Engineer: 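After the structure tokens below, expect a handful of questions from me.
What you are looking at is a predicted structure, and each value in this text was computed from that prediction instead of being measured.
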Amino acid sequence: YRIVLETMNEGAAIIGSDGTVLFCNARLSLMLKTPLEKVLGASMARFVTQEDTRSFEALLNQSLVEPQQMELTLEDGAGDFVPARVSTSPLLLEDSTTICMIVTDITEQKLAKQALRLSEERFRALVEGAQDLIFMKDRHLTYTHVNPAMARIFGLDASEIIGRKDEDLYGEATGKHIKQVGLRVLEGESIEEEYTASIKGVQV
């Protein structure tokens, strides 16, 4: 078991009910940028940011009873912050209940999520600000999203278009044509065409 803990990619520790580190693997020591001998015997709370101190204390108390999982921000020996996922479970050791703790550095996951969120915000800004009519439909060809330009041309709020089908917006004849185009797209075609439709009595 020691070999497993020492060679795993995640940080691992056994801590007492008061948070004292009784065992720490090399990965956790590296993650905390603190020599192993300085981690052992120290309180794990020392490496938790002040903002997460109360959450960590609650985690310790609950971990003595049943497994827990929580995201915390750790502060390493160099003063850098490390976002981490902490998984704990109670461990009976020498007639006393201790806590087995597995710590996973989720810095890369956090950065990836942040990059994805920024990308989504940029694309949303482009779609929402475009003068072209941009929309999304589900597999049943029901509108699930429309941009402001499309809402304006119909004189409706976007929420009044979502949930409708083409026949509801364009009428039976034009709606049928657009439906056929949509069905072809669902089969994998990429379609570009010119078509005139009547919208609020105006040929567009």
Engineer: Can you find a side-chain donor-acceptor pair between T49 and E75 that sits under 3.5 Å?
Structural biologist: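 Not at all, the side chains of T49 and E75 share no donor-acceptor pair under 3.5 Å.
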Engineer: Would you please say whether a donor-acceptor pair under 3.5 Å links the side chains of D166 and Y143?
Structural biologist: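 On atom types as modelled, these side chains qualify, holding a pair under 3.5 Å.
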Engineer: CG/D18 to OG1/T98 distance, rounded to the nearest 0.5 angstrom?
Structural biologist: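 Here the rounded value is 11.0 Å.
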Engineer: If hydrophobic clusters are built by linking Ile, Leu, Val, Met, Phe, Trp and Tyr wherever their side-chain heavy atoms come under 4.5 Å apart, do V202 and F154 end up in the same one?
Structural biologist: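 Yes, one cluster joins them.
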Engineer: Would you mind listing the cluster partners of M44? Hydrophobic ones only (ILVMFWY), side-chain contacts under 4.5 Å, chaining allowed.
Structural biologist: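 M44 clusters with I15, V21, L28, M31, L32, L36, V39, L40, F47, V48, F56, L59, L60, L64, M70, L72, L74, V82, V86, I99, M101, V103.
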Engineer: Just verifying a value: how many Å separate L91 CG and S63 OG, rounded to the nearest 0.5 Å?
Structural biologist: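 Nearest 0.5 Å value for the CG-OG distance: 11.5 Å.
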Engineer: Does any part of the side chain of L169, heavy atoms only, come nearer than 4.5 Å to the side chain of M150, both counted from C-beta?
Structural biologist: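 Side-chain contact under 4.5 Å: yes.
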Engineer: Please determine whether side chain to side chain contact (heavy atoms under 4.5 Å, CB included) holds for the pair T142 and K137, giving the CA-CA distance in whole Å, both sets of side-chain angles, and the decisive distance to 0.1 Å.
Structural biologist: CA-CA 5 Å; T142 300; K137 300 177 188 176; over 6 Å; no
Engineer: With heavy-atom distances below 4.5 Å as the criterion, would you say the side chains of E66 and Q68 are in contact?
Structural biologist: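 Yes; the side chains approach each other to less than 4.5 Å.
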Engineer: I would like to know whether K110 and E71 meet salt bridge (charged side-chain N to carboxylate O under 4.0 Å, His left out); could you show each step before the answer?
Structural biologist: CA-CA 11 Å; K110 287 284 188 180; E71 288 190 8; 3.2 Å; yes
Engineer: Going by the salt bridge (Lys or Arg N to Asp or Glu O under 4.0 Å) test, which pairs reach into residues 170-198, not counting sequence neighbours?
Structural biologist: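 Output for this query lists R184-E189.
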Engineer: What verdict does the ring-ring contact (aromatic ring centres under 6.0 Å, His included) test give for H177 and Y195, after you've listed the backbone C-alpha separation in whole Å, the side-chain angles of each residue and the deciding distance to 0.1 Å?
Structural biologist: CA-CA 10 Å; H177 172 80; Y195 189 78; 4.0 Å; yes
Engineer: Quick check: do L133 and I153 have side-chain heavy atoms less than 4.5 Å from each other?
Structural biologist: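 Yes. Closest side-chain heavy atoms under 4.5 Å.
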Engineer: Verify the neighbour count for atom CE of M8: are there more than 12 heavy atoms of other residues, nucleotides or ligands below 6.0 Å?
Structural biologist: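 Count over threshold, so yes.
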Engineer: Are N147 and F135 side-chain neighbours, meaning at least one heavy-atom pair lies under 4.5 Å?
Structural biologist: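 In short, these two side chains do not touch, never coming nearer than 4.5 Å.
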Engineer: Contact between R122 and R117 at the side-chain level, heavy atoms closer than 4.5 Å - yes or no?
Structural biologist: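 Answer no - side chains too far apart.
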